[in-house]
Amino acid sequence: MPELPEVEITRRSFADQIMGAQVGALRLGLPLRWPLGCAAADLVGRRVLGLTRRGKYLLLQLDRGCLLLHLGMSGSLRFGSELAPPGRHDHFDLQTDRGCLRLHDPRRFGAVVYVPSLDDARAQRLLAGLGVEPLDAGFEPERFYQALRGRRAAIKQVLLAGDVVVGVGNIYACEALFLAGIRPTLRAQRLSRARVARLHAAVVAVLQRALSLGGSTLRDFASAQGEPGYFQLEAMVYGRTGLPCRTCTRTIKSIRQGQRSSFFCPQCQTF
DNA sequence: AGATGTCCCTGGAAGC
DNA sequence: TGCTTCCAGGGACATC
């Protein structure tokens with residue numbers, strides 16, 4: 001499932017190639033999470049000015065307006081000039097003079113939304129509530145501590161909510177909490193400054209490690225050039241229920257938190 | 001304002 | 001073999 005590393009790997013894998021491309025045509029498959037928000041013809045002739053990322057959203061900036069792309073749970077992008085004919089799960093093809101940008105998304109939790117500008121109400125509704133970027137300088141331990149102080153919910157759920165820090169999904173939340181030695185069920189506000197500092201470092205370390213390995217490929221994630229990721233091979237807890245902890249050999253446990261699985265080591269991760 | 005539950009969707013695995 | 005059921009989960013939204 002695409003989290004920040006996968007989205008960033010995707011961005012880097014075709015940002016340079018699509019820069020300056022001119023849109024020739026648009027093909028839509030089955031409906032995605034939200035309607036596109038403009039007519040296909042409105043995009044024809046637009047030029048791509050850049051590709052940036054905010055949280056798990058990719059922002060394809062055009063000379064007029066912007067396409068917000070989200071990969072949801074099962075989405076992946078491809079960019080190339082020799083793509084195969086669209087299959088049943090290819091729901092968005094943006095043809096340009098530099099190649100075709102294709103969104104493949106079997107579960108269709110993903111989205112492509114056109115907004116005339118980032119100040120647009122629709123863009124703001126999606127982006128305004130997002131927390132700090134974990135790999136930017138603005139993510140620093142004291143601010144993180146202050147943000148967590150006001151939260152009574154479990155730390156795992158606060159991480160996933162994305163309003164404190166963005167981009168940390170289920171895999172990396174579980175892994176960062178393991179690295180920091182913190183139980184996922186611990187209330188956020190009960191974390192000491194020292195433990196928040198450890199968690200801060202763990203979030204950064206896990207995301208950077210995942211980035212360096214090309215992300216996690218659980219089922220079929222790949223970059224826009226088709227390269228899989230390898231972080232899943234290093235997971236300490238995610239998906240390892242019943243297996244021995246790689247650190248202490250205690251059995252990894254899994255629980256449900258807010259309809260989502262959490263994995264942890266009962267020995268290494270304390271209250 | 002924060003916390004919680006619901007919903008969207010399909011492929012794969014497990015159970016019968 | 002072929003059915004049914006369950007599970008995976010990002011995140012907007014409604015509700016308390």
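Within every chain, numbering begins at 1; the chains are lettered A, B, ... in the order of the sequence lines, protein sequences first and strands thereafter.
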Trainee: Counting any heavy atom closer than 4.0 Å, what does A/R256 reach on the DNA or RNA strands: base, sugar-phosphate only, or nothing?
Mentor: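 Sugar-phosphate only.
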
Trainee: Could you report the tightest heavy-atom contact between A/F79 and A/R98, atom names first, then the distance?
Mentor: CZ-O, 3.7 Å

Trainee: Rounding to an integer number of Å, can you tell me how far A/R187 CZ sits from B/dG2 P?
Mentor: 15 Å

Trainee: Check the distance between C/dA8's P and A/I171's CD1 and give it to me in whole angstrom.
Mentor: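 Distance, rounded to whole Å: 13 Å.
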
Trainee: Where the side chain of A/F109 is concerned, which of C/dA8, B/dC8, C/dG11 is the nearest nucleotide?
Mentor: B/dC8

Trainee: Taking the side chain of A/N170 as heavy atoms from C-beta outward, which of B/dT6, C/dG9, B/dG11 is closest to it?
Mentor: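 Nearest to the side-chain atoms of A/N170, counting from C-beta on, is C/dG9.
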
Trainee: Using side chain to side chain donor-acceptor pair (under 3.5 Å) as the criterion, list what pairs up with A/R107, not counting sequence neighbours.
Mentor: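 If we apply the side chain to side chain donor-acceptor pair (under 3.5 Å) test to A/R107, skipping adjacent residues, there are no hits.
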
Trainee: Using heavy atoms to find the nearest nucleotide of DNA chain B for A/D163 and A/G258 separately, return the residue whose nucleotide is more 5′.
Mentor: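 Looking at the nearest nucleotide for each, A/D163 comes out on the 5' side.
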
Trainee: Using whole Å, what does the distance between atom C1' of nucleotide B/dC7 and atom CD of A/Q259 come to?
Mentor: 11 Å

Trainee: Would you call A/L4 and A/P134 a side-chain contact if the rule is heavy atoms closer than 4.5 Å?
Mentor: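 A side-chain contact under 4.5 Å exists here.
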
Trainee: Just to verify, what does A/F144 make a ring-ring contact (aromatic ring centres under 6.0 Å, His included) with, not counting sequence neighbours?
Mentor: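 A/F144 satisfies ring-ring contact (aromatic ring centres under 6.0 Å, His included) with A/F139 once adjacent residues are dropped.
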
Trainee: Counting only side-chain nitrogens and oxygens, does A/R108 get under 4.0 Å of the OP1 or OP2 atom of B/dC8?
Mentor: no

Trainee: Side chains of A/T10 and A/F221, heavy atoms from C-beta outward: is any pair under 4.5 Å?
Mentor: yes

Trainee: For A/R209 and A/L213: C-alpha separation, side-chain torsions, deciding distance, then whether side chain to side chain contact (heavy atoms under 4.5 Å, CB included) applies.
Mentor: CA-CA 6 Å; A/R209 179 67 182 157; A/L213 293 176; 3.7 Å; yes

Trainee: Between protein and nucleotides 12-16 of chain C, what N or O pairs are separated by less than 3.5 Å?
Mentor:
| from | atom 1 | to | atom 2 | distance (Å) |
| --- | --- | --- | --- | --- |
| C/dA12 | OP1 | A/Y57 | OH | 2.8 |
| C/dA12 | O4' | A/R33 | NH2 | 3.2 |
| C/dC13 | OP1 | A/R125 | NH1 | 2.7 |

Trainee: Whole Å only: how far is the CG atom of A/L159 from the P atom of C/dG11?
Mentor: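 Rounding to the nearest Å, CG of A/L159 and P of C/dG11 are 13 Å apart.
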
Trainee: With each end axis built from five pairs of C1' atoms, what bend angle do you get for the helix from B/dG2-C/dC16 to B/dC16-C/dG2? Round to 10°.
Mentor: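 End-to-end axis angle for the helix from B/dG2-C/dC16 to B/dC16-C/dG2: 50°, rounded to 10°.
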
Trainee: Got a sec? Which of residues 222-243 of chain A come in under 4.0 Å of DNA chain B, heavy atoms?
Mentor: none

Trainee: Look at A/H89 and B/dC9 and indicate whether a side-chain polar atom (N or O) is within less than 4.0 Å of OP1 or OP2.
Mentor: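 Checking A/H89 against B/dC9: no side-chain N or O falls below 4.0 Å of OP1 or OP2.
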
Trainee: Contact between A/Y172 and A/F231 at the side-chain level, heavy atoms closer than 4.5 Å - yes or no?
Mentor: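 Side-chain contact under 4.5 Å: yes.
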
Trainee: Just wondering, do A/L58 and A/L68 contact through their side chains at under 4.5 Å, heavy atoms?
Mentor: no

Trainee: Could you state the CG-P distance from A/L30 to B/dT10, rounded to the nearest angstrom?
Mentor: 8 Å

Trainee: At what distance, to the nearest 0.5 angstrom, does SG of A/C268 lie from CD1 of A/I182?
Mentor: 13.0 Å

Trainee: Using heavy atoms and a sub-4.0 Å distance, could you list which residues of residues 144-158 of chain A are near DNA chain B? By number, please.
Mentor: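 The answer is A/R151, A/R152, A/A153.
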
Trainee: Would you indicate what A/S74 reaches in the nucleic acid, counting non-hydrogen atoms under 4.0 angstrom: base, sugar-phosphate, or nothing?
Mentor: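 Contact class for A/S74: none.
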
Trainee: About how many Å separate CG of A/L126 and CD of A/Q124, when rounded to the nearest 0.5 Å?
Mentor: 9.5 Å

Trainee: Can you tell me how far the CG atom of A/L186 sits from the CD atom of A/Q269, to the nearest 0.5 Å?
Mentor: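 Reported value, rounded in 0.5 Å steps: 11.0 Å.
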
Trainee: May I have the distance from A/L160 (atom CG) to C/dA8 (atom C1'), rounded to whole angstrom?
Mentor: 14 Å

Trainee: Show the nearest heavy-atom pair for residues A/R151 and A/V158, with the distance to one decimal.
Mentor: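 That closest heavy-atom pairing would be CB-CG2, 4.0 Å.
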
Trainee: Which atom pair, heavy atoms only, marks the closest approach of A/P184 to A/F264?
Mentor: CD-CB, 3.7 Å

Trainee: I need the CZ-P distance between A/F221 and C/dG9, as an integer number of Å.
Mentor: 17 Å

Trainee: Kindly indicate whether the side chain of A/R107 and the base of C/dG10 share any N or O donor-acceptor pair separated by less than 3.5 Å?
Mentor: no

Trainee: Calculate the interatomic distance between A/Y172 atom OH and C/dG10 atom P; express it in whole Å.
Mentor: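 Taking OH of A/Y172 and P of C/dG10, I get 11 Å after rounding.
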
Trainee: Could you please spell out the steps behind the side chain to side chain donor-acceptor pair (under 3.5 Å) verdict for A/R143 and A/Q146?
Mentor: CA-CA 5 Å; A/R143 275 182 58 189; A/Q146 293 301 335; over 6 Å; no

Trainee: Looking at every heavy atom in both A/R11 and A/L51, which two are closest together, and how far apart are they?
Mentor: NH1-O, 3.2 Å

